[in-house]
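Structure provided below as structure tokens; questions to follow.
Letters A, B, ... are given to chains in the order of the sequence lines, protein chains preceding strands, and every chain is numbered from 1. Not measured: the values here are computed from a predicted model.
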Amino acid sequence: MKKIEAIIKPFKLDEVKDELNKVGVQGITVSEVKGFGRQKGHTELYRGAEYVVDFLPKVKLEIIVTDDVAEKVVQTIMNTAKTGRIGDGKIFVSNLEDAIRIRTGERGKDAI
Amino acid sequence: MKKIEAIIKPFKLDEVKDELNKVGVQGITVSEVKGFGRQKGHTELYRGAEYVVDFLPKVKLEIIVTDDVAEKVVQTIMNTAKTGRIGDGKIFVSNLEDAIRIRTGERGKDAI
Amino acid sequence: MKKIEAIIKPFKLDEVKDELNKVGVQGITVSEVKGFGRQKGHTELYRGAEYVVDFLPKVKLEIIVTDDVAEKVVQTIMNTAKTGRIGDGKIFVSNLEDAIRIRTGERGKDAI
Amino acid sequence: MISKKYFHAVLILLALTTFSITGAFAEEAPPVPAVQEAAPAPAAPASPAWDAKFAADTVWTLVTAFLVFFMNLGFAMVESGLCRSKNAVNILSKNVIVFCVTVVFFWFVGFGIMFSSGNSYFGTTGWMLFGADNSPATGDAYKGIFASLNWTGVPLYAKFIFQLVFAGTAATIVSGAVAERIKYFSFFVFSAAMAIVIYPVAGHWIWGGGWLATMKTPFLDFAGSTVVHSIGGWAALMGAILLGPRIGKYTKDGKVNAIPGHDMGMATLGMFVLWFGWFGFNPGSTMAADADAISRVAINTCIAGAVGGVAATFAAYLALGKPDLSMVLNGILAGLVAITAPCNWVTPVGSFIIGLIAGILVVYAVLFFDKIQVDDPVGALSVHLVNGVWGTLSLGLFAANVSGGITGLFYGGGIAQLIAQIKGVVAVGAYVVVVSLICWAIIKAVMGLRVGEEEEREGLDIGEHGMQAYPDFVGTTSTRGIA
Amino acid sequence: MISKKYFHAVLILLALTTFSITGAFAEEAPPVPAVQEAAPAPAAPASPAWDAKFAADTVWTLVTAFLVFFMNLGFAMVESGLCRSKNAVNILSKNVIVFCVTVVFFWFVGFGIMFSSGNSYFGTTGWMLFGADNSPATGDAYKGIFASLNWTGVPLYAKFIFQLVFAGTAATIVSGAVAERIKYFSFFVFSAAMAIVIYPVAGHWIWGGGWLATMKTPFLDFAGSTVVHSIGGWAALMGAILLGPRIGKYTKDGKVNAIPGHDMGMATLGMFVLWFGWFGFNPGSTMAADADAISRVAINTCIAGAVGGVAATFAAYLALGKPDLSMVLNGILAGLVAITAPCNWVTPVGSFIIGLIAGILVVYAVLFFDKIQVDDPVGALSVHLVNGVWGTLSLGLFAANVSGGITGLFYGGGIAQLIAQIKGVVAVGAYVVVVSLICWAIIKAVMGLRVGEEEEREGLDIGEHGMQAYPDFVGTTSTRGIA
Amino acid sequence: MISKKYFHAVLILLALTTFSITGAFAEEAPPVPAVQEAAPAPAAPASPAWDAKFAADTVWTLVTAFLVFFMNLGFAMVESGLCRSKNAVNILSKNVIVFCVTVVFFWFVGFGIMFSSGNSYFGTTGWMLFGADNSPATGDAYKGIFASLNWTGVPLYAKFIFQLVFAGTAATIVSGAVAERIKYFSFFVFSAAMAIVIYPVAGHWIWGGGWLATMKTPFLDFAGSTVVHSIGGWAALMGAILLGPRIGKYTKDGKVNAIPGHDMGMATLGMFVLWFGWFGFNPGSTMAADADAISRVAINTCIAGAVGGVAATFAAYLALGKPDLSMVLNGILAGLVAITAPCNWVTPVGSFIIGLIAGILVVYAVLFFDKIQVDDPVGALSVHLVNGVWGTLSLGLFAANVSGGITGLFYGGGIAQLIAQIKGVVAVGAYVVVVSLICWAIIKAVMGLRVGEEEEREGLDIGEHGMQAYPDFVGTTSTRGIA
Ligand SMILES: Nc1ncnc2c1ncn2[C@@H]1O[C@H](COP(=O)(O)OP(=O)(O)O)[C@@H](O)[C@H]1O
Ligand SMILES: Nc1ncnc2c1ncn2[C@@H]1O[C@H](COP(=O)(O)OP(=O)(O)O)[C@@H](O)[C@H]1O
Ligand SMILES: Nc1ncnc2c1ncn2[C@@H]1O[C@H](COP(=O)(O)OP(=O)(O)O)[C@@H](O)[C@H]1O
């Protein structure tokens with residue numbers, strides 16, 4: 001199994017979710033994160049004092065899939081979340097050893 | 001070492017923490033997430049317009065443990081977080097290469 | 001590639017970010033988490049009833065780097081985030097299989 | 001949630017009532033004031049009939065009524081702030097609707113039961129304000145069916161609106177104690193019961209010329225420590241007991257768990273709004289621009305509230321180790337509730353002591369209710385019930401012969417007034433406990449009182465109202481292209 | 001954002017104006033009151049010249065004016081609460097500046113256009129309050145240029161401040177309907193246009209002695225269902241149409257997406273503050289301490305608001321399945337808007353029915369505007385425009401001969417008043433639609449109306465104001481050592 | 001946190017005092033009014049003794065006092081909103097307790113020092129309001145110990161409550177400037193010092209018949225630009241300097257870091273509440289329903305505030321590039337502070353210019369204080385100190401002979417008044433700087449002023465109060481089964 005983590009722009013979330021749904025992904029876990037990267041933040045003034053807002057709001061998706069569909073999921077995210085502008089985000093893939101569904105105790109592929 | 005990630009229902013958090021404590025887990029990192037899965041969200045109306053709340057509030061636990069206790073931890077979470085109803089959540093296990101305690105610089109098992 | 005996850009004290013975030021920047025790290029993803037560990041929380045009273053605040057606010061950094069700089073990143077975080085007091089946090093290192101930049105489709109090292 | 005059938009039925013009923021009344025439009029004379037001829041209303045400005053006292057009294061009564069109305073905001077904010085965010089919409093909704101409901105039913109029947117002439121126990125006329133009334137006339141010149149209010153020379157509508165906002169307050173008190181677990185529409189119905197039968201009947205005994213007001217030594221309650229606050233408090237107590245505690249509040253081994261409120265800024269805002277409103281509540285209860293009285297009442301109100309806050313700060317510090325802000329807020333409100341009954345008859349020194357005791361009392365009352373496992377999320381019982389009783393009794397102790405010859409025990413007036421006060425407290429307590437228990441029980445049988453366990457866990461906002469108070473998380477709403 | 005050049009120009013202009021006026025300081029007599037000698041002002045307290053009616057009227061007018069001023073807070077909170085957090089600073093800023101701007105321009109020109117003597121269409125003098133005026137004199141004794149306000153015996157400054165806060169309200173209504181997409185400085189300029197030309201001209205027709213007020217059966221609007229609310233509403237409608245809907249509100253296939261507001265506590269707070277302020281808005285419109293009238297107006301206001309809330313609760317429950325809190329809040333406001341025109345001429349029963357219909361109307365109006373894809377984030381059109389019209393017409397139906405002989409259709413007064421009301425509604429609607437369209441169009445051409453797409457997505461707070469409303473996330477600010 | 005011993009001691013002291021007073025209950029006559037016989041108080045309503053002026057003046061004084069009281073909420077919200085969420089409970093608590101403490105100590109001693117007869121520097125009697133007083137009598141008819149307030153014909157209690165809420169305001173100003181680092185109980189003690197010695201002594205000089213009021217050309221301050229705002233401002237300045245800046249505010253290399261407030265909605269709410277309250281603050285300072293004066297003061301107040309807001313918008317836009325909302329809020333408050341001294345003696349045109357300058361001044365003052373590294377989280381110094389001084393001086397420039405013959409430099413009155421104003425500003429500044437420095441220093445020596453570094457980092461809410469303002473994160477509370 002693979003764990004796919006994608007950092008995307010917040011307003012793309014719904015679209016990505018819908019597309020993933022279409023390619024058969026049944027579960028996603030989402031969290032709000034702040035990203036620091038090539039996309040530079042802006043400098044703001046508050047009461048005359050400068051501050052750099054260099055952590056930008058992003059959304060992180062975690063998706064566990066079986067090895068065979070991993071690439072399709074990556075492609076789907078890439079196509080859907082892309083705007084072509086800096087700060088579109090990243091996808092990271094790593095290996096997962098085991099997955100368990102708490103409700104049933106099923107393990108491995110069945111648990112996804 | 002193993003990294004165990006568990007997505008559970010929020011109101012189970014304290015119970016799970018207590019049980020894990022009993023089996024000797026000394027550290028947990030928790031974050032608020034939103035989950036999309038088989039447990040379907042509901043459709044709400046706001047001023048007459050529909051919207052689907054399909055991301056449900058969940059809590060994610062990250063626990064780093066040595067290989068030998070990993071299974072016990074998984075079992076404990078499974079037993080404690082289970083309500084038997086859809087949406088109870090998942091546990092994911094992956095491999096960890098190294099762990100460091102910032103305060104002391106200890107590495108590996110000693111750092112956990 | 002390596003995925004480095006660091007749990008640190010919130011007020012160290014800016015310093016760590018600056019130092020990582022200096023050693024060439026170009027991207028960081030940050031999230032707010034709550035940590036449970038050796039650093040004990042406190043017991044508070046609300047309207048006369050006790051409650052234990054044993055999840056303490058922490059910040060989690062996720063940094064993807066190539067294998068060669070991983071150790072330098074770990075050292076930098078360790079040196080910068082250290083206060084020498086309990087609760088300074090942990091660094092976890094794991095293996096990453098692939099990385100993709102959504103904007104360009106670049107993969108692997110180029111994507112970081 | 002109860003079925004839609006109920007509501008269709010209610011709507012149709014409402015429509016019918018409405019039509020039957022409006023059908024009579026053209027024929028009927030304007031309902032009020034019916035005996036107006038007896039006291040020609042001042043017509044155009046600068047007409048010779050313009051009466052300075054009449055105008056000043058009415059301005060004062062209305063302005064203070066508006067302040068009391070504003071207390072609805074105070075209650076809404078204190079209660080929401082001290083509860084969890086997942087129930088915020090529910091609590092806000094309850095606080096909004098409770099006043100609306102009170103307006104309708106207190107106008108329909110409550111005001112008539114409370115103030116119209118009738119017997120010693122309740123008024124029997126004056127529904128919807130219909131009936132003879134020639135206020136602003138007072139004393140012997142007054143002719144009409146609301147004789148118990150003829151001591152003040154303001155128009156009937158002014159009397160009514162002032163009493164109406166008081167009735168609203170009594171009902172709102174209940175809301176806090178039953179928060180985070182009661183069904184929305186069940187609370188809705190109980191609010192109506194408060195406005196129709198619970199508040200007006202007991203109120204009639206005291207302010208409507210009923211038996212407590214006509215005892216040899218009349219029971220006294222200047223602005224409602226008993227009439228408003230402890231009536232609300234008793235009804236709330238019954239509700240809280242019948243509902244039982246929130247899930248997780250008490251563990252089997254008797255431990256009390258803290259369930260912190262979600263927004264202390266909101267709670268503090270609410271307290272200040274309530275204090276502000278209290279300057280209408282107490283000084284306005286003169287229903288007349290009586291300069292000496294309103295000044296005295298205002299300063300007594302201010303001192304008791306402030307001292308209540310200081311006392312609660314120290315009491316909380318000594319009892320709990322830290323000056324818990326929620327306790328300080330409760331302490332101020334406790335001082336205000338306590339001074340409400342005696343505010344016209346005591347000196348500032350008396351107010352100081354009454355407020356001091358109130359501020360200490362409220363802290364220990366909160367601990368006490370938790371000990372007996374009556375779950376009151378916002379401290380409504382400790383503030384309104386306990387200190388409503390304390391304030392009512394304190395009048396018998398501290399009345400200082402500053403107005404109307406009322407003198408309490410400590411000022412050499414003997415024990416008569418104190419005994420009258422005790423009688424009133426007991427009588428009202430007994431009545432409200434019994435009747436509100438009956439009302440709660442009926443509602444429980446017909447509609448149910450408490451939301452389901454899962455709904456309680458997930459929050460009443462989603463379950464009862466289908467919305468969240470703070471839905472701004474980027475992933476909460478699944479609406480395309482909106483970020 | 002428009003270029004700094006504009007603002008430098010404006011500043012210089014302002015400075016010049018200021019200097020030209022202040023340059024004349026020493027020579028000129030204090031501008032107001034110019035004919036003061038005719039009515040010697042009461043000097044020291046207790047002087048024999050002290051006049052009770054004059055004092056009571058002024059106190060009443062000022063206190064209620066303060067309440068109306070306070071409605072600015074209500075609007076700010078309702079609107080911010082019902083929008084998303086990323087636009088909160090922007091909406092708050094608009095609500096703050098709109099009143100400031102109105103003060104300046106309504107003082108400069110608006111008040112003169114609206115109330116000074118002139119022709120049937122607009123006043124032609126009284127800029128900056130300069131000009132002859134001997135109020136508090138009334139009737140024949142009054143000599144001056146603001147003859148349309150000589151019916152009330154309060155000083156000119158009191159008349160002015162009361163009318164000023166009304167003008168501020170009209171402008172604020174627009175803010176809600178154009179929220180979450182309009183440029184800050186474009187709104188700023190439109191606010192000025194409201195205060196200079198849109199509000200005062202139509203207002204002159206009705207309250208300034210213009211043609212609607214001097215028809216055979218004069219058009220009546222006691223406190224401004226038309227003058228304030230529907231003028232604001234029509235201007236808002238034009239703005240909302242010209243701007244188009246927010247990104248993501250309507251999908252191509254005609255689906256309506258919900259965009260929930262970010263803080264229902266804030267919205268509820270705002271509603272209560274507005275209701276509180278309405279007790280200044282309506283009863284204060286007597287601009288005199290006329291005890292009968294202010295009591296009647298107060299109780300009518302209270303009943304219509306409350307019933308509007310109850311009606312919207314049930315309407316929302318039946319139409320949408322749940323008692324949507326935002327709809328209940330809108331329902332109360334709808335009842336208040338509707339009763340604003342007729343509040344002095346109807347009975348409580350009339351108010352009940354007017355509020356009932358308003359509460360139902362507002363729910364379906366919200367659905368309607370979404371159906372025709374006019375995006376109004378806070379329901380401003382449904383509340384102020386729809387119910388401003390309804391309230392104005394209702395006067396022709398329910399006026400019950402309780403004051404001044406005004407009698408509507410249902411009370412046997414025939415159809416004359418109703419026809420007058422219709423004329424007024426149509427005339428004002430036509431005028432405001434045309435003129436506000438022109439104003440919006442000019443602003444669009446010169447400065448642009450709508451922020452860029454990216455700015456709209458990211459939120460106007462960053463784009464227009466460089467700040468966030470709730471910037472407290474630990475990683476948001478990158479300031480060293482601050483945690 | 002200081003040890004419990006202190007508090008036990010204080011409590012015992014308090015109890016003893018209380019007993020010694022209450023022990024004298026039965027014997028003593030009701031303390032106030034002692035010489036009441038000289039002026040029989042109006043007894044029952046409609047008695048022939050009822051006096052319209054007396055009633056109207058008292059109603060006005062009380063209603064405006066309530067508005068001023070409400071400003072406590074405004075301060076609490078502005079200050080909390082502009083600070084970080086981790087200190088919100090602390091700031092709210094300070095704002096709550098500061099008023100409570102002021103009530104107690106201003107009643108005990110402050111009012112006597114400020115207004116009772118004594119010498120040119122302080123009053124020497126009137127503790128707890130005990131002592132001869134026959135108000136409402138005025139002029140020669142007045143006999144009593146509060147001669148400096150005999151110009152107004154309201155009961156002593158009304159005079160007292162109005163002055164009391166003013167004293168509360170002065171103390172609250174300090175709270176903002178010392179926010180986010182001061183110990184709770186140290187602030188508590190300083191509040192008492194303000195109410196006992198700092199505010200009343202300087203106040204006596206100006207409003208209590210002291211030396212500044214009896215100079216040849218008396219120093220004038222209508223509603224307290226100096227008495228309230230700049231006294232509060234000077235005391236705050238000393239506190240901010242002694243405390244030093246918050247951790248991270250200034251870097252070693254002189255860079256200024258922004259520390260954004262956590263809730264701009266709260267701050268905006270606070271501003272509107274303050275503005276609303278200012279309509280009590282300024283017009284109420286007549287302490288009489290003097291129609292001309294209160295109308296003039298009200299409109300001047302409104303214009304200066306509004307223009308301050310517009311001016312700050314443009315000043316911020318030009319100086320900082322964007323119309324920073326927090327600056328606009330400060331600008332409005334600056335205009336209001338500035339007009340407070342001259343509001344009774346200037347024309348609207350004068351108010352316009354005074355407000356314009358105030359709005360610009362405040363923006364640059366904020367930048368200035370940051371440049372000299374005096375850390376003032378909420379801008380209290382820029383608003384209250386800088387503009388308190390400006391407003392006081394402006395009276396000497398713009399007074400326009402509209403009341404009492406006061407004429408300033410620009411209106412041909414010569415330089416005398418301006419010089420009197422400068423004297424007052426300097427004298428009060430010197431006094432408050434010295435005395436507050438001494439008070440701060442004593443508190444620092446005895447209890448310490450500043451919380452520990454770790455507590456400051458983690459937030460004062462946990463450290464000082466053991467609670468959080470917004471504790472609603474699902475994992476924050478570890479209470480079983482509660483979700
Ligand atoms: N090396 C990295 N490790 C962790 N997160 C990263 C890394 N690089 C980028 N990110 C995340 O991806 C987001 C987008 O990256 P950025 O460099 O701004 O643009 P792009 O993806 O277009 O190159 C960042 O905000 C950050 O959250
Ligand atoms: N493939 C997946 N990848 C990531 N998270 C998942 C996945 N499947 C489920 N989850 C998480 O687990 C939660 C529960 O899953 P769900 O399918 O609703 O119920 P169950 O666990 O009972 O099958 C989801 O809300 C989501 O957060
Ligand atoms: N085994 C673990 N698994 C996951 N997170 C951990 C683990 N141990 C510690 N942590 C995280 O690291 C933080 C600091 O750990 P703690 O034991 O309190 O102090 P220290 O790092 O000084 O030993 C915790 O709050 C928690 O978030």
Side-chain angles (χ1 to χ4, degrees), chain D residues 52-53 56 59-60 63 67 84-85 138 152-153 247-248 251 257-260 262-265 268-269 272-273 276 279 283 288-292 294-296 298-299 302-303 306-307 309-310 313-314 317-318 321-325 328-329 332 347-349 353 356 400-402 410-412 457, chain F residues 4 7 11 18 21-22 25-26 30-31 41-42 45-46 50 52 54-56 58-59 62-63 66 69-70 72-73 76-77 80 88-89 92-93 96-97 99-101 103-104 107 128-129 136 154-155 157-158 160-161 164 184 263 266 465-472 477 479-483:
Chain D
K53 175 155 173 42
V59 166
W60 177 249
V63 169
L67 290 178
R84 285 164 293 177
S85 63
T138 57
T152 170
I247 296 173
T251 34
N257 288 312
I259 305 183
H262 83 287
D263 190 337
M264 294 309 298
T268 306
L269 188 161
F272 274 123
V273 170
F276 181 54
F279 285 123
D290 174 350
D292 273 335
I294 60 181
S295 303
R296 179 176 55 243
I299 196 63
C302 189
I303 288 177
V307 174
V310 175
T313 300
F314 287 108
Y317 184 66
L318 294 175
K322 298 221 170 155
D324 183 321
L325 177 56
V328 180
L329 302 180
I332 291 169
T347 64
V349 174
I353 301 168
L356 188 76
N401 193 17
V402 289
F410 293 171
Y411 284 77
R457 275 196 210 283
Chain F
K4 287 199 181 180
F7 294 106
L11 262 203
T18 306
I21 294 168
T22 59
F25 272 177
W50 193 83
F54 176 38
T58 306
V59 165
L62 288 183
V63 169
F66 303 160
F69 162 81
F70 201 43
N72 282 295
L73 172 61
M77 296 291 117
S80 310
V89 167
L92 294 166
S93 295
V96 168
I97 208 66
F99 181 70
C100 295
V101 168
V103 170
V104 172
W107 172 42
M128 295 184 75
L129 299 178
V154 297
Y157 285 162
F160 172 60
I161 200 171
L164 173 63
Y184 178 69
D263 190 337
M266 215 171 179
H465 306 271
M467 66 196 305
Q468 295 167 280
Y470 315 101
D472 218 19
T477 61
T479 42
R480 265 122 284 271
I482 305 169

Notebook entry, point to check: Hey, are the side chains of D/V349 and F/W107 touching, using non-hydrogen atoms and a 4.5 Å cut-off?
Noted result: yes
Check your understanding: Of all heavy-atom pairs between D/A306 and F/C100, which one has the smallest distance, and what is that distance?
Key ->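 Shortest heavy-atom separation between D/A306 and F/C100 comes out as O-CB, 3.4 Å.
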*Proximal component of F/A158, with respect to chain D [non-hydrogen, under 4.5 Å]*: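 For F/A158, backbone and side chain are both near chain D.
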Starting from the C-alpha separation in whole Å, work towards a yes-or-no answer on side chain to side chain contact (heavy atoms under 4.5 Å, CB included) for D/T313 and F/Y184. CA-CA 11 Å; D/T313 300; F/Y184 178 69; 4.1 Å; yes
Q | Interatomic spacing from CD1 in D/I332 to CD1 in F/I97 - rounded to 0.5 Å | A |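 Taking CD1 in D/I332 and CD1 in F/I97, the distance rounds to 6.5 Å.
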Scanning both residues in full, the closest heavy-atom pair of D/P283 with F/F66 reads CG-CZ, 4.3 Å
Closest heavy-atom pair, F/W50 versus D/A289, reported as atoms and distance to 0.1 Å, is NE1-O, 3.7 Å
request  = Determine, step by step, whether F/Y157 and D/D292 satisfy the side chain to side chain contact (heavy atoms under 4.5 Å, CB included) criterion, reporting the C-alpha distance in whole Å, the side-chain angles of both residues, the deciding distance to 0.1 Å, and the verdict.
outcome  = CA-CA 8 Å; F/Y157 285 162; D/D292 273 335; over 6 Å; no
**Prompt:** Of all heavy-atom pairs between F/G466 and D/K322, which one has the smallest distance, and what is that distance?
**Reply:**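 Heavy atoms only, the tightest pair is N-CD, 3.5 Å.
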*asked:* Ring centroids only, cut at 6.0 angstrom: are D/F279 and F/F69 within range, meaning strictly under it?
replied: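 Close enough - the centres of the two rings lie under 6.0 Å apart.
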Between F/Y470 and D/P260, is there a side-chain heavy-atom distance shorter than 4.5 Å? no
So OG1 of D/T268 and CE of F/M266: to nearest 0.5 Å the spacing works out to 7.0 Å
- To the nearest 0.5 Å, tell me how far D/I299 CD1 sits from F/F160 CZ.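 Atom-to-atom, D/I299:CD1 and F/F160:CZ are 4.5 Å apart.
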Criterion side chain to side chain contact (heavy atoms under 4.5 Å, CB included) on D/V307 and F/V103, from CA distance to verdict: CA-CA 8 Å; D/V307 174; F/V103 170; 5.7 Å; no
#### Entry: Side chain, backbone, both or neither of F/S80 within contact of chain D (heavy atoms, under 4.5 Å)
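When you check distances to chain D, no heavy atom of F/S80 falls under 4.5 Å.
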Smallest heavy-atom separation, F/A55 atom then D/A291 atom, equals CA-CB, 4.5 Å
Discussion item. Show the nearest heavy-atom pair for residues D/M264 and F/Q468, with the distance to one decimal.
Written reply: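 That would be CG-O, 3.8 Å.
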Looking at NE2 of F/H465 and CG of D/L325, how far apart are the two atoms once the value is rounded to the nearest 0.5 Å?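 If we round to the nearest 0.5 Å, F/H465:NE2 and D/L325:CG are 7.5 Å apart.
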(message) Using side chain to side chain contact (heavy atoms under 4.5 Å, CB included), reason through F/L62 and D/S295 one step at a time and then give a plain yes or no.
(response) CA-CA 7 Å; F/L62 288 183; D/S295 303; 4.2 Å; yes
